[in-house]
Amino acid sequence: MSTDSQAPKALRGVGNFIDDRFHLAKTGEKNLRKVFPNHWSFMLGEIALYSFIILLITGVFLTLWFKPSMQEIVYDGPYERLNGVLMSEAYASTLHIDFGVRGGFLVRQIHHWAALIFVASLVVHMLRVFFTGAFRKPREINWLIGVGIFTLAMLEGLFGYSLPDDLPSGMGVRILQGVMLALPLVGTYVSMFLFGGEFPGEDIISRLYMLHILLLPGILLALIVAHFMILWHQKHTQYPGTGRTNKKVVGTPMFPGFAVKAGGFFFFVFAVTVGLSAFVQINPIHLFGPFTPTSITSGLQPDWYMGFMEGSLRIFPNWLDFQIFGYAVPIGVLVPGLVVPGLIFGGLGAWPFIERWITGDHRAHNVADRPRNAPVRTGVGVAGIVFYGLLWLAGSNDILSHTFSISLYWTTYFFRVAVIVGPIIGFVVAKRICLGLQRRDRETLEHGYESGTIQQLPSGEFIEVHKESSAETVHVLESKEEVDRIDAETISSVEAATDANGVEAPAARGLKGRLRAKLAHWYTKDNVSFEGVEAHTGHHLHHGAAEEKEPAQAH
């Protein structure tokens with residue numbers, strides 16, 4: 001039996017041909033040995049990637065039968081309950097996909113569920129990156145790309161949701177037009193250009209279709225490729241642990257370990273998506289009927305990621321509306337429709353630079369923070385989640401009012417107050433929890449962990465024996481970076497506001513410098529210092545023997 005392990009001659013010839021021209025052998029070998037962290041949270045981004053692939057595949061299938069036209073026809077198709085109803089070709093072709101194309105309804109359900117999973121995984125992935133500080137230098141650009149992907153994904157979902165021209169999607173387009181009209185001076189022109197005339201016009205579906213299947217997917221694909229290229233070059237961050245430093249990555253090589261895991265995970269994501277599509281119906285447009293400007297419905301909600309926009313529009317008061325030279329400026333639509341999303345997405349994009357400016361931290365970080373070790377950042381993140389979540393709930397205030405028999409006005413008043421008070425409470429609670437966990441970590445590092453073993457001292461006192469933590473736990477606890485407390489008279493931990501002669505530093509002069517000093521003090525004043533704390537060595541295990549030779553001491 002041959003023991004020759006060489007590749008077949010034909011394959012060797014092809015490989016040598018390619019390598020002689022592109023010199024890929026060494027590069028390929030190096031990349032195949034690239035190490036990926038093993039923690040499950042690093043797979044959240046993989047879910048987004050796999051969902052996007054599913055969206056591309058199912059989207060190509062749907063384009064074969066969908067007709068992006070608002071030309072009205074009388075329906076005469078397989079769904080008999082709507083026979084004889086006047087509707088657009090877009091809605092009729094969607095009904096044909098659902099009831100006239102074999103497997104069409106399942107594929108459309110897969111497409112819709114994949115879109116929801118795509119956005120959801122992006123959100124959770126970005127939260128993981130935010131709370132662990134993985135956006136810090138040198139990954140700020142990749143964070144901005146991620147924010148761009150998230151923003152475009154929401155727009156892509158909104159446009160796709162609007163294509164079937166059913167009643168709920170038409171109402172969503174109507175809201176979109178209302179936000180456009182709120183733009184001062186240019187709002188009416190923007191609306192006329194997009195819709196091709198008065199709402200609903202005859203061009204909106206075809207224009208959204210081009211954006212949905214061509215422009216936005218192309219931009220998303222380019223951003224995702226750029227995101228992974230930068231990630232590949234800079235490598236992942238990793239959680240603190242034994243052997244993990246800013247210059248050393250511990251994990252599984254790309255080939256074969258990670259490749260097998262990633263391949264299996266893709267089919268798992270695909271299976272879950274298909275399972276949901278087969279057994280959990282979503283967006284049954286045949287039950288809603290075609291959109292007409294004179295028809296309304298109740299009890300329906302947009303896709304979850306657009307709920308915050310719905311909520312902000314519902315609860316924002318119109319008390320501040322005014323006119324400029326006869327032109328109305330509807331603040332009650334302009335602020336919730338444009339300013340609130342701008343604050344959310346703009347705040348996400350600006351945070352890495354804001355945090356770096358406040359703290360003066362310009363170091364490269366390849367080891368992620370534990371959220372508890374950055375209490376202010378964690379508090380800000382929780383405040384953002386509370387703000388977003390309350391707006392999302394406010395988008396269902398009519399359903400909440402009906403379900404719990406509460407006045408619709410009272411639910412509106414409650415959310416108006418809650419979106420201001422709630423984030424503040426969320427910040428304070430999250431920060432205090434983080435500080436409490438830091439103090440517990442310090443105690444664990446210094447005294448070990450409680451073993452559950454009770455020991456009586458010669459003095460008669462009972463104590464619980466503390467055992468030495470594992471080397472991995474000690475390394476994680478000791479990974480907390482020491483952050484100096486910055487008082488109100490300093491700009492950063494290393495730059496004093498005044499020199500030895502009392503001359504004020506240039507960076508501290510003016511409003512900007514003083515603001516930075518105040519924010520730096522606020523950011524660092526509650527830090528729990530681990531300086532001087534030595535890891536517990538387990539001496540309490542022998543405390544009883546020691547007590548026989550020396551007087552008892554309290555623990």
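Hydrogens, waters and symmetry mates play no part in the numbers below; they use all other heavy atoms, side chains included.
- A side-chain donor-acceptor contact under 3.5 Å links S401 to the backbone of I406.
- Counted within 6.0 Å of CZ on F268, heavy atoms from surrounding residues, nucleotides or ligands total 12 or fewer; the atom is thus considered open.
- In this structure, T237 and F42 have side chains that are in contact, with non-hydrogen atoms separated by less than 4.5 Å.
- Environment of NZ in K235: sparse, with no more than 12 heavy atoms of neighbouring residues, nucleotides or ligands closer than 6.0 Å.
- The shortest side-chain heavy-atom distance between S51 and V269 falls under the 4.5 Å cut-off.
- Atoms CG and OG1, on L437 and T378 in that order, are 10.0 Å from each other to the nearest 0.5 Å.
- In this structure, F265 places its CZ atom where more than 12 heavy-atom neighbours from other residues, nucleotides or ligands lie under 6.0 Å away.
- A distance-only check finds no donor-acceptor pair linking the side chain of S191 to the backbone of T188 [under 3.5 Å].
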Please step through side chain to side chain contact (heavy atoms under 4.5 Å, CB included) for the pair E355 and V376, ending with a clear verdict.
CA-CA 10 Å; E355 181 176 303; V376 173; over 6 Å; no

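- Using a 3.5 Å distance cut-off with no hydrogens or angles, the side chains of T524 and N527 do not pair a donor with an acceptor.
- Looking at F427 and V382, their side chains never come closer than 4.5 Å, going by heavy atoms from C-beta outward.
- The salt bridge (Lys or Arg N to Asp or Glu O under 4.0 Å) search around D369 returns R136, R377, not counting sequence neighbours.
- H212 NE2 to L158 CG: the interatomic distance, rounded to the nearest 0.5 Å, is 10.5 Å.
- Between the side chain of T411 and the backbone N or O of L408 there is at least one donor-acceptor pair closer than 3.5 Å.
- Tested against N366 for a side chain to side chain donor-acceptor pair (under 3.5 Å), the candidates Q234, R139, H236, Q238 yield a single pass: R139.
- Below 30°, between 30° and 60°, or above 60°: for F130 and W143 the angle between ring planes is between 30° and 60°, a tilted geometry.
- Atom NE2 of H233 sits in a sparse spot, with 12 or fewer heavy atoms from other residues, nucleotides or ligands closer than 6.0 Å.
- Taken from OG1 in T151 to CZ in F345, the straight-line distance is 4.5 Å, to the nearest 0.5 Å.
- Applying the side-chain hydrogen bond (donor to acceptor under 3.5 Å, both in side chains) rule to Y161 yields no partners; only residues at least two apart in sequence or on another chain are considered.
- Below 30°, between 30° and 60°, or above 60°: for F199 and F195 the angle between ring planes is above 60°, a perpendicular geometry.
- One distance of note links CG of L155 with CG of L211; it measures 9.5 Å at 0.5 Å rounding.
- In this structure a side-chain-to-backbone donor-acceptor pair under 3.5 Å is missing from K431 to P375.
- In this structure the side chain of F316 never reaches within 4.5 angstrom of the side chain of V340, judged on heavy atoms.
- Put simply, the side chain of Q109 gets close to the backbone of I282: a donor and an acceptor are under 3.5 Å apart.
- Around atom CH2 of W304, more than 12 heavy atoms belonging to other residues, nucleotides or ligands sit under 6.0 Å away.
- Judged by distance alone, the side chain of W113 and the main-chain N or O of V280 form a donor-acceptor pair under 3.5 Å.
- The distance from the CD1 atom of I354 to the CG atom of L519 is 9.5 Å, given to the nearest 0.5 Å.
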Donor-acceptor pairs under 3.5 Å, side chain of residues 116-129 to any protein atom, not counting sequence neighbours: which ones?
unit_1	atom_1	unit_2	atom_2	d
S121	OG	A48	N	3.3
S121	OG	I117	O	2.9
S121	OG	F118	O	2.9

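- Every side chain to side chain contact (heavy atoms under 4.5 Å, CB included) that R207 has, sequence neighbours left out, goes to D203.
- Under the side-chain hydrogen bond (donor to acceptor under 3.5 Å, both in side chains) criterion, N397 pairs with R314, T412, not counting sequence neighbours.
- Atom CH2 of W392 has 12 or fewer heavy atoms from other residues, nucleotides or ligands within 6.0 Å.
- With sequence neighbours excluded, the residues that form a ring-ring contact (aromatic ring centres under 6.0 Å, His included) with H39 are Y239.
- Within the 4.5 Å cutoff, side-chain heavy atoms of R432 are placed close to those of D526.
- Ring geometry for F266 against Y50 counts as perpendicular: the plane angle is over 60°, on a 0 to 90° scale with 30° as the lower cut.
- Between I145 atom CD1 and F228 atom CZ the span is 11.5 Å, to the nearest 0.5 Å.
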